Visitor: 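Can you read through this structure? Questions will come right after.
None of these values were measured; they are calculated from a predicted model.
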Amino acid sequence: NLEVDLDFEAVSYFWGEPAFTESFIINDAEEKIITSSLRDALIRFRHPRDGRMLWVDALCIDQLDDDDKGRQILRMGGIYQDVSAVLIWLGNYEEEVACLRAIDSWAKGLTVHAEDVIQEMIDRLLRLPWFSRPWVL
């Protein structure tokens, strides 16, 4: 229920294969069966000591109820406007993570790379599945 004033973050991720094969415990109580991509994202975004309130479409929208999906999809713009942050999970891609780190280091002025090398790294990142979704600008 997001009607109350809550501080929460949203997770944006590429679903990957629609195979719900991974067991995951939410709020130390409720077991959910999720995709491996979502499991990886939740593990990566988990705070080691503090709790964290996340809005995740696959967990917050009843995927088996078309009426609920229709109502929630209409609310998603407002949900993403109200979050304190959007956490983006691009997936487990070691080489692309290295590209992202190199771009970050270059942007901070910590390393020097030729512009064409940086552009190649950006192009490589933009080919990841997350960027292929129609609502990603």
Visitor: So which heavy atom on F131 is nearest to which on L90, and how close?
Guide: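 It is CE1-CD2, 3.8 Å.
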Visitor: Do the side chain of T35 and the main chain of F20 share a donor and acceptor less than 3.5 angstrom apart?
Guide: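 Answer holds: no.
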Visitor: Please enumerate all residues that pass side-chain contact (heavy atoms from CB on, under 4.5 Å) together with D123, with sequence neighbours excluded.
Guide: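 Testing D123 for side-chain contact (heavy atoms from CB on, under 4.5 Å), a comparison that skips the adjacent residues, returns Q119, R127.
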Visitor: E31: what forms a side-chain contact (heavy atoms from CB on, under 4.5 Å) with it, not counting sequence neighbours?
Guide: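 For E31, the residues satisfying side-chain contact (heavy atoms from CB on, under 4.5 Å) (neighbours in sequence not counted) are S23, I25, I33.
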Visitor: Indicate every side-chain donor-acceptor pair of residues 91-103 with a distance under 3.5 Å to a residue at least two apart or in another chain.
Guide:
from : atom 1 : to   : atom 2 : distance (Å)
N92  : ND2    : D40  : OD2    : 2.6
E95  : OE1    : R124 : NH2    : 2.2
E96  : OE2    : R124 : NE     : 3.2

Visitor: Could you tell me if the side chain of W55 sits less than 4.5 Å from the side chain of Y80, heavy atoms only?
Guide: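 When only atoms from C-beta onward are counted, W55 and Y80 do touch, with a gap below 4.5 Å.
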Visitor: How many angstroms lie between atom CG of D57 and atom CD1 of I79, to the nearest 0.5 angstrom?
Guide: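 Those atoms lie 9.5 Å apart.
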Visitor: Mind checking side-chain contact (heavy atoms from CB on, under 4.5 Å) for L110 and listing every partner two or more places apart, or none if nothing turns up?
Guide: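 With sequence neighbours excluded, L110 shows a side-chain contact (heavy atoms from CB on, under 4.5 Å) to S105, K108, given in chain and number order.
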Visitor: Do I26 and I43 sit in one hydrophobic cluster, given that two such residues count as connected whenever their side-chain heavy atoms are within less than 4.5 Å of each other, even indirectly?
Guide: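 Cluster IDs for I26 and I43 match.
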Visitor: For the backbone of D62 and the side chain of D68, can you confirm whether one donor and one acceptor N or O come within less than 3.5 Å of each other?
Guide: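 It does hold such a pair.
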Visitor: Please table the atom pairs, donor to acceptor, closer than 3.5 Å between any side-chain atom in residues 46-54 and protein atoms at least two apart or in another chain.
Guide:
from : atom 1 : to  : atom 2 : distance (Å)
H47  : NE2    : R52 : NE     : 3.3
R52  : NE     : E9  : OE1    : 2.6
R52  : NH1    : F45 : O      : 2.4
R52  : NH2    : E9  : OE2    : 3.1

Visitor: So, do L59 and L42 sit near enough that their side-chain heavy atoms are less than 4.5 Å apart?
Guide: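 They are in side-chain contact.
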Visitor: In this structure, are over 12 heavy atoms from other groups packed under 6.0 Å from W89 atom CH2?
Guide: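 Yes, the 6.0 Å shell around CH2 holds more than 12 heavy atoms from other groups.
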Visitor: Would you say T111 and H113 make side-chain contact, with heavy atoms under 4.5 Å?
Guide: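 Side chain of T111 against side chain of H113, heavy atoms only: contact under 4.5 Å found.
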Visitor: Could you check whether any side-chain heavy atom of L128 comes within less than 4.5 Å of a side-chain heavy atom of F14, counting everything from C-beta outward?
Guide: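 Heavy-atom side-chain distance check fails, nothing below 4.5 Å.
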Visitor: Would you say Y13 and I88 make side-chain contact, with heavy atoms under 4.5 Å?
Guide: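 Y13 vs I88: side chains apart.
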Visitor: With sequence neighbours excluded, what pairs up with E22 under the side-chain contact (heavy atoms from CB on, under 4.5 Å) test?
Guide: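 Counting only residues at least two positions away or on another chain, E22 forms a side-chain contact (heavy atoms from CB on, under 4.5 Å) with I34, S36, R39.
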